[in-house]
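Notes follow the structure.
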Protein chains: 2
Amino acid sequence: MPSIKDIARKANVSTATVSYVLNETGSVSVKTRAKILEIIKEMNYQPNQIAKSLKIKKTKTIGVVVEDVTSFNSSEIIDGINEYAENHGFSLLLTNMRVLKRLGQEYSDTENVKKLAAPAINEILNKQVDGLIYIGFHTRDVTGIIENDKIPIVYIYCYTSKEEDYSVNYDDHLAAYESTNYLIEAGHRNIAVISGLFNSNPSRERFNGYYQAIMDNQLIFDPSLIKTGDWEFESGYRLTSELLAAENHPTAILAMNDNMAAGAINACKDKGLSVPADISIVGIDDREFSSYINPKLTTMRLPLHEMGVEAMKSLMAIINHDRTVQRNKKLKCTLIERKSAAKVFN
Amino acid sequence: MPSIKDIARKANVSTATVSYVLNETGSVSVKTRAKILEIIKEMNYQPNQIAKSLKIKKTKTIGVVVEDVTSFNSSEIIDGINEYAENHGFSLLLTNMRVLKRLGQEYSDTENVKKLAAPAINEILNKQVDGLIYIGFHTRDVTGIIENDKIPIVYIYCYTSKEEDYSVNYDDHLAAYESTNYLIEAGHRNIAVISGLFNSNPSRERFNGYYQAIMDNQLIFDPSLIKTGDWEFESGYRLTSELLAAENHPTAILAMNDNMAAGAINACKDKGLSVPADISIVGIDDREFSSYINPKLTTMRLPLHEMGVEAMKSLMAIINHDRTVQRNKKLKCTLIERKSAAKVFN
DNA sequence: CTGAAAGCGCTTACAG
DNA sequence: CTGAAAGCGCTTACAG
């Protein structure tokens, strides 16, 4: 591997001059520039970024700490981060904490995650990254997992309670509001909700979105239509069965994720109801399986790719000392109309 | 950020001595070691890996070039790579080429992928990674995409025609052999195949596995039972419909991926056949959706995580000049028994 | 327009 | 057991 010295020697100039043409700084005569460029090409010289980084104290690399890459939302977020990074000459140093595999459901205990995060983040910082992106696998408060004061950082798919932190998530309230509205516009008046666990912020936000749509449309809010699930398929199945046991059962169900929506569809089928002819079901997430189940699920697509891009934008701004960036970005989900919801005829 | 100089000064020793205790090289008296260690802790000193890398010419980081992170197989592979890397003190520099989004189906043209790969790989090499892992999103010959002679590299989910290259894949032949055997053991005698495109190596290997299972069990090979699909849902649906039109239709179908298996299930349902009571279906891949469709799909799980781990093992060996590593590793898939296949009664 | 020199933060023969 | 010094491959004030 030729170094800048080799180029300089061969071109009969100093390394400074080579450096100037490499970086297009300084002023170099057209003639020597041409000669240097030629030799660079001839020797197939590639600058050693490690050496450069040491000198300029910037690595042009971003540390990406992800709680679990195998989680369904991680890939698209990383894809978005990568796209932006590539367009701006940044590289990604990826660390996967494997939270799901290692902690199972104990991820909720911040202390456990912190134990995983500390060494990972330490290692990344020692590699002198210019900034950090932390990707949760599940929207929640993540305060205390990272103790950091020396590096710009933005959180995706999670947030902290610290005012000075930056995060990008999607708008849960709006997602539920829009999907509920969609059902209302289709003529539904009895719209049930199968929510996630109520100790989660997204559950509450989504419920509020649903509630507001009901109110805005002057419908009657019926608490018996609200069922609390646990995000899993089985709870969607079980709670739908409960819902259908009532004599005047709802004509539509908003499930707060696609897992539970899939459970709901199965419950309807098992009761001999046809989806969407007899009952409409909409989910939230747009998982891979959602277009494979029967009927294909109408659901809200999460702006995952965009979240990655926006996080990078925030991070770049912070790195460049632009403190006017919005601290808590909330992106919009989009409704994907498939086959599990229909207009009501009467 | 304190440097090794700061530590040395405060401890009244040379930077050499600090370096010795940091790396546990050289011999340092217990006393000075203790003092240095104390000061390191006190100042919360963290060694700058960039500086170290420049000196020792090793970065302890591996470049991971993935054709498309959003492809269903990528995450688990990365998870495996990450696990091994973490256990051995390596970091991952990730580059996503976004082949699917950028090229659509034109990925098959090596030239197009090469155009994407060249700058990505160049950038990674300039960051002085110690090795490279290339993850295809689809098993195929990838010769010519990377022109490299200076760095150890192993291919996952793809391979090259060069003898000196290393790759890790799974055993297509065995996967089809075992799944066919499974159906035979369940009593099936008329087992159809819906294959992928026959210009792909996996299709051919899988067909051979099927064929060998038929032969080994002294069954009759019936060419009319072999249908060539294109890996997509629709072809599974269409070809299954064709299969079912025959008067003595098969009692089992081996679909060469889960997409087509899902199509097959739907086709059966639409013809009024019950899966698995009337007809058994098994897939290959174990996609996320495969446990959500109805009935849940019996399929071969790909050893993705393990492929990541094995690739890292190969890479470490090559880096350490151990040239005895197996050049083409083929890992075993495992049958996931769910609900889409059953014994035949007669 | 160009070069000599210092320095980024480490490691490592070498001498003592 | 310890330190002075050179060097990894760059960049950048500074002088001319």
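Below, chain A is the first sequence line, B the second, and so on; all start at residue 1.
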Please classify the nucleic acid contact of [X] as base, sugar-phosphate, or nothing, using heavy-atom distances under 4.0 Å.
X       : result
A/Ser27 : base
A/Leu54 : base
B/Ser19 : base
A/Lys52 : sugar-phosphate
B/Thr15 : base
B/Asn12 : sugar-phosphate

Checklist line | Check: A/Asn73 and A/Leu302 side chains under 4.5 Å, non-hydrogen atoms | finding: no
Checklist line | Nucleotide nearest A/Thr17 (side chain, heavy atoms from C-beta), chosen from C/dT2, D/dG9, C/dC8 | finding: C/dT2
Note to self: Given D/dC8, D/dT12, D/dC1, identify the nucleotide with an atom nearest to the side chain of B/Lys55.
What the structure shows: D/dC8
Notebook entry, point to check: Of A/Gly26 and B/Met1, whose nearest nucleotide on DNA chain C comes first from the 5' end?
Noted result: A/Gly26
Check: Is a donor-acceptor pair below 3.5 Å formed from side chain B/Tyr20 to base D/dG3, judging by atom type as modelled?
Finding: yes
Notebook entry, point to check: Below 4.0 angstrom, N of the basic side chain to O of the carboxylate: do A/Glu76 and B/Lys101 qualify?
Noted result: yes
Next item on the list: Both distances under 3.5 Å, Watson-Crick or G-U wobble: report the partner of D/dC1, or none.
Entry: C/dG16
Margin query: Between B/Tyr134 and B/Tyr157, is the ring centroid distance below 6.0 Å?
Written below: no
Notebook entry, point to check: Between CG of B/Asn320 and CG of B/Leu315, what distance do you get to the nearest 0.5 Å?
Noted result: 9.5 Å
